[in-house]
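Working notes, structure below.
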Number of protein chains: 2
Amino acid sequence: MKRKPTPDQLLLDQQLCFALYAASRSFTGLYRPLLEPLGLTYPQYLVMLVLWEQDGLTVRELGQRLQLDSGTLTPLLKRLQTAGLISRQRRTEDEREVDIRLTETGLALREPASAIPACIAGHLNMSLGQMQQLRDQLKHLARQLQHSTTED
Amino acid sequence: MKRKPTPDQLLLDQQLCFALYAASRSFTGLYRPLLEPLGLTYPQYLVMLVLWEQDGLTVRELGQRLQLDSGTLTPLLKRLQTAGLISRQRRTEDEREVDIRLTETGLALREPASAIPACIAGHLNMSLGQMQQLRDQLKHLARQLQHSTTED
DNA sequence: CAAAATTAAATTGTGTACAATTCAATTTTC
DNA sequence: GAAAATTGAATTGTACACAATTTAATTTTG
């Protein structure tokens, strides 16, 4: 008595989502040794990228940018505060909102961080054009998924 | 006194890794409501995919297939065992290894799960060819990253 | 063949993710 | 303008990830 074989659609190697999931984790693994000297994890680095770009956002605004909720951000931001990289301050205009600002130390970290992207690119056997094309495909996919997930 | 603007390479929207990270999380979010009726999380579903394909693997073999270590798998597998979907048994040939096998319930779950891939595909505004192409690009990228990360 | 090295899981500890709830501060509505 | 609804963070609880350590079992080596 033979078991039915797995239908093709259920084979692991067929799964787009697993390819994404595995690639994403491998990629953050490549960042890990580069971020470790800066004392940052990858999600913390993402928060710093946003703040280096635009300082003084609320937790909500950071969350919109990174697609993360307060359950993830609040403890992460507390760690960045403990590390002396940011300050957290209730806004006087609206006391519900918490203003996240870079400290001098946090701002200064942008300098050593600026070497990271080139270092990463050097490890990918891809042209800049290929990277951009793949990135834009993924951004498009993520937008599709946002809609699909939010709606029904 | 104006601050230096962020160099392009540090802009969030330029980051390939963030595009990957965001797309991956959005994608598992699309699976969540489909897996919930089966009582599975996305990583648990991946373990089940592997076992439906080839039953009776060790924790190490599962880990190789999914790129996850025992620190992640051991508790996850315990939960699958508690749910009655798998059994965990030390191998007699080598008592260090733990054999993971589907229960009847676990095997039977493949039936309702088989509807999921088509349902997911329906939510992506992409042709099958586009999905395959993107998936293969990501697999290629992950291989590159594996090498980069393992070596130096 | 016994000590040393290696291997496979499990454990420990830290840091995300995310659903669900709570709490306080604002808005809306009657 | 006070009760009701909404909003923004924080909190709680569950489940990954992953580095580092531990433990037990097997291999390797002198």
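Please read all numbers here as calculations on a predicted model, not as lab measurements. When reading the values below, keep in mind they use all heavy atoms of this one structure, side chains included, and skip hydrogens, waters and symmetry mates.
One can place CD of Q81(B) at 15 Å from P of dA15(D), the figure rounded to the nearest angstrom. Q44(B) has its CD atom 10 Å from the P atom of dA17(D), to the nearest Å. Y31(A) has its OH atom 19 Å from the C1' atom of dC18(D), to the nearest Å. Taking atom CZ of residue R91(B) and atom P of nucleotide dA25(D), one finds them 17 Å apart after rounding to whole Å. In this entry the distance linking CD of E95(B) with P of dT23(D) reads 19 Å, nearest Å. Across the protein-nucleic acid pair, R79(B) atom CZ and dA15(D) atom C1' stand 5 Å apart, rounded to whole Å.
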Original post:
What string of B, S and - do you get for nucleotides 8-13 of chain D, 5' to 3', if B is base contact, S is sugar-phosphate-only contact and - is no contact with any protein heavy atom under 4.0 Å?
Top reply: SSBB--
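Residue pairs that meet the salt bridge (Lys or Arg N to Asp or Glu O under 4.0 Å) test with at least one member in residues 27-52 of chain B, sequence neighbours left out, do not exist here. Judged as a salt bridge (Lys or Arg N to Asp or Glu O under 4.0 Å), not a single pair has a partner in residues 15-24 of chain A (not counting sequence neighbours).
A close approach under 4.0 Å does not occur between any side-chain nitrogen or oxygen of Q67(B) and OP1 or OP2 of dC18(D).
Partners of E95(A) according to the side chain to side chain contact (heavy atoms under 4.5 Å, CB included) rule, which considers only residues two or more places apart in sequence or in another chain, are R90(A).
The side-chain tip of R25(A) does not point at the ring of F27(A) from less than 6.0 angstrom away and within 45° of straight on.
Along DNA chain C, the stretch of nucleotides lying under 4.0 Å from any heavy atom of chain A spans, 5' to 3', dG15(C) to dT26(C).
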For residues 9-19 of chain B, tabulate all N or O donor-acceptor pairs below 3.5 Å that involve a side-chain atom, not counting sequence neighbours.
from: D13(B); atom 1: OD1; to: R65(A); atom 2: NH1; distance (Å): 3.4
from: Q14(B); atom 1: OE1; to: R135(A); atom 2: NH1; distance (Å): 3.4
from: Q15(B); atom 1: OE1; to: Y31(A); atom 2: OH; distance (Å): 3.4
from: Q15(B); atom 1: NE2; to: Q9(B); atom 2: O; distance (Å): 2.6
from: Q15(B); atom 1: NE2; to: L11(B); atom 2: O; distance (Å): 3.3

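Minimum heavy-atom separation, M126(B) to L141(A): SD-CD1, 4.0 Å. Residues S24(A) and L20(B) come closest through the heavy atom pair N-CD2, 3.9 Å.
Panel note: side chain E53(A), backbone V50(A); no donor-acceptor pair is recorded below 3.5 Å. In this structure a side-chain-to-backbone donor-acceptor pair under 3.5 Å is missing from S26(B) to Q146(A).
Nearest-nucleotide positions on DNA chain C for E93(A) and P43(A) put P43(A) closer to the 5' end.
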